[in-house]
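Below: one structure, written as structure tokens.
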Amino acid sequence: MKKQKRILTGDRPTGRLHIGHYVGSLANRVRLQDEYDSFIEIADIQALTTHFERPELISDSILQVTMDNLSVGLDPNKVTIFLQSQIPAIAELTIFYSMLTTVNTLRHNPTVKSEAAQYGYDDMSYGFLGYPVSQAADISFCNADLVPVGEDQRPHIELCRKIVRRFNDMYSPNEPLLTEPEILIGDFPRLPGLDGNAKMGKSLGNAIYLSDPPETVHQKAMSAVTDPSRIRKTDPGHPEVCTVATYHQVFTKEEYEDIVARCRAGEIGCVACKKRLSNSLNTLLAPFRERRAYYENHLDEVRQIIEAGNDRANAIGNALSSRMKECMHLTLKGGAQ
Ligand code: TRP
């Protein structure tokens with residue numbers, strides 16, 4: 001039996017994680033790791049749905065993304081980090097759930113739609129269209145109660161809740177076998193990219209990575225898009241259209257009101273404002289860099305953390321999958337009529 005409530009969340013290993021991931025989800029993971037039994041999935045199968053032609057990028061990113069999670073302060077003695085492809089129960093649940101989801105539901109999923117547009121798919125693979133079903137399996141194989149994610153993941157959590165309800169209603173109506181998970185959105189649901197794009201993205205070239213060295217963070221902060229109508233320092237600024245102002249709101253919280261007021265009054269120039277941002281970011285990232293350096297020198301330890309996580313996830317997943325098969329009458333126990 002579960003003693004503590006569970007968290008399940010995950011990352012696609014298609015590159016390193018950035019500060020958008022941190023404010024959207026990772027900060028919540030760290031904050032809640034004592035309160036919840038937390039599962040962090042490295043979603044390598046889901047990464048295949050868009051990066052099936054780049055298996056070496058996925059395999060390099062598995063350890064990087066694991067180190068991203070460890071570097072922000074997740075304690076490997078508290079959380080379970082595991083690799084999706086090593087958990088057969090997740091693949092089984094994906095197939096079961098695929099019967100409980102219609103193609104039109106998937107076609108109309110707003111996140112699937114915008115990602116399909118981003119990747120330029122006019123037609124798309126069965127696996128890509130169906131990845132939210134597989135994500136429902138990720139979340140429910142351990143009966144997670146809470147899923148800390150960014151706002152873009154909301155349609156997937158809604159779908160998972162729907163699937164879980166259908167499964168319970170149909171196959172275990174007396175005593176629900178599966179848990180309907182709640183979503184938990186981070187402080188700042190969607191961080192814009194350095195270029196002003198609505199989303200900071202691994203594949204959009206507009207991200208500050210958790211593993212970027214201080215000089216890179218500084219250069220990137222200096223290159224961020226600001227209010228285009230502001231030419232001279234004395235011109236009144238419009239923080240509501242400035243990416244740097246948005247970042248200050250998240251990363252320089254206490255001074256935000258002051259910075260914005262001085263920008264509007266033309267008292268602080270964009271260069272000074274960006275320098276301040278680069279300081280805030282580097283202050284946040286400094287302890288992350290320190291922890292990361294340790295793990296980079298102990299990669300075998302990182303692999304062992306994942307292996308231990310896989311063992312625990314498999315014990316839980318296999319037990320649940322067997323019970324699901326019984327509920328679905330996928331057993332030899334039935335009699336001949
Ligand atoms: N789709 C998520 C993303 O792109 C990653 C993910 C995979 C995930 N499985 C999950 C998130 C389960 C939460 C729960 O960031």
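In listed order, ligands and their atoms are each counted from 1. Atom set for the values below is all heavy atoms of this structure, side chains included, hydrogens, waters and symmetry mates excluded. Not measured: the values here are computed from a predicted model. Throughout, residue positions are numbered sequentially from 1 according to the sequence presented.
- Closest to atom 2 (C) of ligand 1, if we only count protein heavy atoms, is Q153 OE1, 3.3 Å.
- A ring pair (Phe, Tyr, Trp, His ring centres under 6.0 Å) with Y22 is found for one member of F288, F251, Y209 and no other, namely F288.
- Contact atoms of ligand 1 toward A43: 7 (C) (distance under 4.0 Å to a heavy atom of the residue).
- The shortest N/O to N/O separation between Q46 and ligand 1 falls below 3.5 Å.
- The shortest N/O to N/O separation between Q135 and ligand 1 falls below 3.5 Å.
- At a heavy-atom distance under 4.0 Å, no atom of H21 approaches ligand 1.
- Proximity to E41 (heavy-atom distance under 4.0 Å) selects the following atoms of ligand 1: 7 (C), 9 (N).
- Each of the following atoms of ligand 1 lies closer than 4.0 Å to a heavy atom of V147: 13 (C), 14 (C).
- Side-chain atoms of S280 come within 3.5 Å of backbone N or O of R276 as a donor-acceptor pair.
- Residues L8 and A144 approach most closely at CB-CB, 3.5 Å, considering heavy atoms.
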*asked:* Test side-chain contact (heavy atoms from CB on, under 4.5 Å) on F167 and M328; report intermediate values, then the result.
replied: CA-CA 9 Å; F167 185 97; M328 297 171 80; 3.6 Å; yes
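- Of all atoms in ligand 1, numbered sequentially from 1 with element shown, those under 4.0 Å from a heavy atom of V149 are 11 (C), 13 (C).
- Remark: side-chain polar atoms of H51 are not paired, donor with acceptor, to backbone N or O of L57 under 3.5 angstrom.
- For atom 5 (C) of ligand 1, the nearest protein heavy atom (residue, atom name, distance) is G10 O, 3.4 Å.
- Which parts of ligand 1 touch T9 is read off a 4.0 Å heavy-atom cut-off, strictly below it: atoms 13 (C), 14 (C).
- Side-chain contact between F82 and E41 is present, with at least one heavy-atom pair separated by less than 4.5 Å.
- Heavy-atom proximity to atom 9 (N) of ligand 1, evaluated over L8, I139, D138, is greatest for D138.
- Ion pairing of R323 with E326 is absent here, as no side-chain N (NZ or NE/NH1/NH2) approaches a carboxylate O to less than 4.0 Å.
- Under a 3.5 Å cut-off, the side chain of D145 and the backbone N or O of R6 do form a donor-acceptor pair.
- With respect to atom 4 (O) of ligand 1, the closest heavy atom belonging to the protein is R12 CD, 3.1 Å.
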